[in-house]
Amino acid sequence: MAGAEKIKEKILEEARLQAQKNLEQAEKEAAEIIQSAQKEAEQKKSEIIERAHKEAVDRKKRLIAAAELEARKQKLQAKQEVVEEAFTRVLNKLNSLPADQYQDILVDMVVRSVRKGNEEIILSDKDKQRLGADFINTINTQLKNKGIAGNVQLSNESRKIDGGFILKTGEVEINNSFEAIMRMQRAELEAEVVKVLF
């Protein structure tokens with residue numbers, strides 16, 4: 001029986017050694033798995049942080065670009081408002097000139113616009129009252145001095161224009177109101193106004 005006991009002990013000892021070896025191997029494998037998982041988690045964490053950082057940088061760039069675009073739009077709008085105000089002031093200044101200066105400007109404009117000398121001048125009701133009785137006589141005298149028939153007449157019609165006049169020849173009308181002139185010359189004048197203002 002002593003031999004069986006020894007065999008049994010030897011088998012148990014080998015089983016313990018094998019169990020110890022298996023346990024050590026399992027612990028080693030578990031440690032490797034844990035280490036690998038930690039390494040992978042760190043790598044994923046770094047990737048997530050890097051991606052979040054890149055997205056934040058991209059978003060910041062987009063926000064800055066949008067803000068810069070909005071600022072340029074507001075600046076352009078402010079410039080356009082200033083230019084528009086300049087045109088409005090010019091129109092108001094022309095219309096608020098003293099009557100004699102205003103008449104001199106209109107006489108000069110009419111004389112430069114007349115081709116035949118028998119045209120009609122259409123004014124606003126306000127200008128009909130504002131301009132002196134010699135308005136048409138001054139125009140006709142200057143036309144005769146240029147060698148053009150001086151038969152221009154003041155029309156019985158009136159128009160809702162804010163300064164200036166309409167030159168009528170038969171059925172053809174040429175709008176020489178200050179607003180129409182500014183509108184036609186706006187692109188050219190606006191460039192000059194922008195240079196002066198900005």
Side-chain angles (χ1 to χ4, degrees), residues 57-143 145-146 148-198:
V57 167
D58 289 347
R59 185 162 190 252
K60 181 180 175 184
K61 285 179 183 177
R62 285 192 306 272
L63 288 173
I64 289 171
E68 287 173 347
L69 178 62
E70 184 61 29
R72 283 193 301 271
K73 283 168 55 177
Q74 288 179 359
K75 186 177 178 181
L76 178 61
Q77 182 179 356
K79 282 184 177 182
Q80 288 172 335
E81 287 172 5
V82 169
V83 168
E84 188 60 39
E85 178 65 23
F87 278 104
T88 301
R89 284 186 179 187
V90 166
L91 188 60
N92 290 339
K93 189 168 184 171
L94 282 169
N95 285 315
S96 62
L97 284 171
D100 59 328
Q101 289 179 0
Y102 184 78
Q103 181 169 313
D104 289 345
I105 289 172
L106 283 189
V107 166
D108 183 57
M109 288 174 65
V110 171
V111 169
R112 285 188 288 129
S113 300
V114 167
R115 296 290 169 244
K116 295 181 179 178
N118 60 351
E119 291 87 347
E120 275 185 86
I121 310 259
I122 303 171
L123 299 172
S124 66
D125 286 331
K126 177 184 170 186
D127 281 350
K128 279 185 177 182
Q129 294 172 9
R130 181 178 183 189
L131 296 169
D134 64 332
F135 173 65
I136 294 295
N137 293 334
T138 305
I139 291 169
N140 285 326
T141 301
Q142 288 189 21
L143 288 172
N145 290 340
K146 285 178 64 175
I148 298 173
N151 297 322
V152 170
Q153 295 180 6
L154 185 60
S155 176
N156 292 329
E157 291 182 64
S158 60
R159 297 285 168 83
K160 290 184 179 182
I161 56 175
D162 197 13
F165 62 95
I166 296 173
L167 189 66
K168 185 174 180 180
T169 307
E171 297 299 315
V172 178
E173 293 183 358
I174 300 172
N175 190 344
N176 284 297
S177 67
F178 295 148
E179 286 182 71
I181 292 169
M182 279 201 222
R183 191 172 46 250
M184 288 186 289
Q185 300 293 320
R186 177 92 185 212
E188 188 178 311
L189 291 172
E190 198 168 282
E192 292 300 317
V193 170
V194 168
K195 282 181 190 175
V196 170
L197 293 176
F198 308 107

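Counting heavy atoms from C-beta outward, Arg115 and Ile148 have side chains that stay 4.5 Å or more apart. Looking at Leu123 and Leu131, their side chains come closer than 4.5 Å, going by heavy atoms from C-beta outward. For the pair Val90/Phe178, no side-chain contact is recorded, criterion being any heavy-atom separation below 4.5 Å from C-beta on. Using a 4.5 Å cut-off on side-chain heavy atoms (C-beta onward), Ile105 and Leu94 make contact. Side-chain contact check for Met109 versus Ile181: some heavy-atom pair is nearer than 4.5 Å. For the pair Phe165/Val110, a side-chain contact is recorded, criterion being any heavy-atom separation below 4.5 Å from C-beta on.
By the salt bridge (charged side-chain N to carboxylate O under 4.0 Å, His left out) test, Arg186 pairs with Glu84, Glu190, sequence neighbours left out. Under the salt bridge (charged side-chain N to carboxylate O under 4.0 Å, His left out) criterion, Glu85 pairs with Arg89, not counting sequence neighbours. Residues satisfying the salt bridge (charged side-chain N to carboxylate O under 4.0 Å, His left out) test with Arg159, not counting sequence neighbours, are Glu157, Glu173.
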Could you check Ile136 against Ile121 for side chain to side chain contact (heavy atoms under 4.5 Å, CB included), going step by step and ending with a plain yes or no?
CA-CA 9 Å; Ile136 294 295; Ile121 310 259; 4.3 Å; yes
Gln103 and Asp134: side-chain hydrogen bond (donor to acceptor under 3.5 Å, both in side chains), yes or no, with the steps?
CA-CA 10 Å; Gln103 181 169 313; Asp134 64 332; 3.3 Å; yes
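Under the side-chain hydrogen bond (donor to acceptor under 3.5 Å, both in side chains) rule, Gln77 has a single partner from Gln80, Lys79, Glu81, Lys75, which is Glu81. Residue Ser155 forms a side-chain hydrogen bond (donor to acceptor under 3.5 Å, both in side chains) with just one option from Lys128, Glu120, Glu119, and that option is Glu120.
In this model, no donor atom of one side chain and acceptor atom of the other lie less than 3.5 Å apart for Gln142 and Asp108.
With hydrogens and angles ignored, the 3.5 Å screen pairs no side-chain donor or acceptor of Thr169 with any backbone N or O of Val172. Remark: side-chain polar atoms of Asn140 are paired, donor with acceptor, to backbone N or O of Val152 under 3.5 angstrom. Of the possible donor and acceptor atoms, one in the side chain of Asn95 sits under 3.5 Å from a partner among the backbone N and O of Leu91.
Counting all heavy atoms, side chain and backbone alike, Lys116 lies closest to Ala149 at O-CB, 3.8 Å. Considering all non-hydrogen atoms of both residues, Ile161 and Gly164 come closest at CD1-O, 3.7 Å. Here the closest heavy-atom approach between residue Ser124 and residue Ser158 is recorded as C-CB, 4.3 Å. Shown here for Asp162 and Glu179, the closest heavy-atom pair between the two residues is CB-OE2, 3.2 Å.
Atom CG of Leu143 sits about 9.0 Å away from atom CG of Asn151, to the nearest 0.5 Å. Taken from CZ in Arg112 to CG in Asn176, the straight-line distance is 9.5 Å, to the nearest 0.5 Å.
Within 6.0 Å of the CD atom in Glu70, the count of heavy atoms belonging to other residues, nucleotides or ligands exceeds 12. Counting non-hydrogen atoms of other residues, nucleotides and ligands closer than 6.0 Å to CG of Asp100 gives a total above 12.
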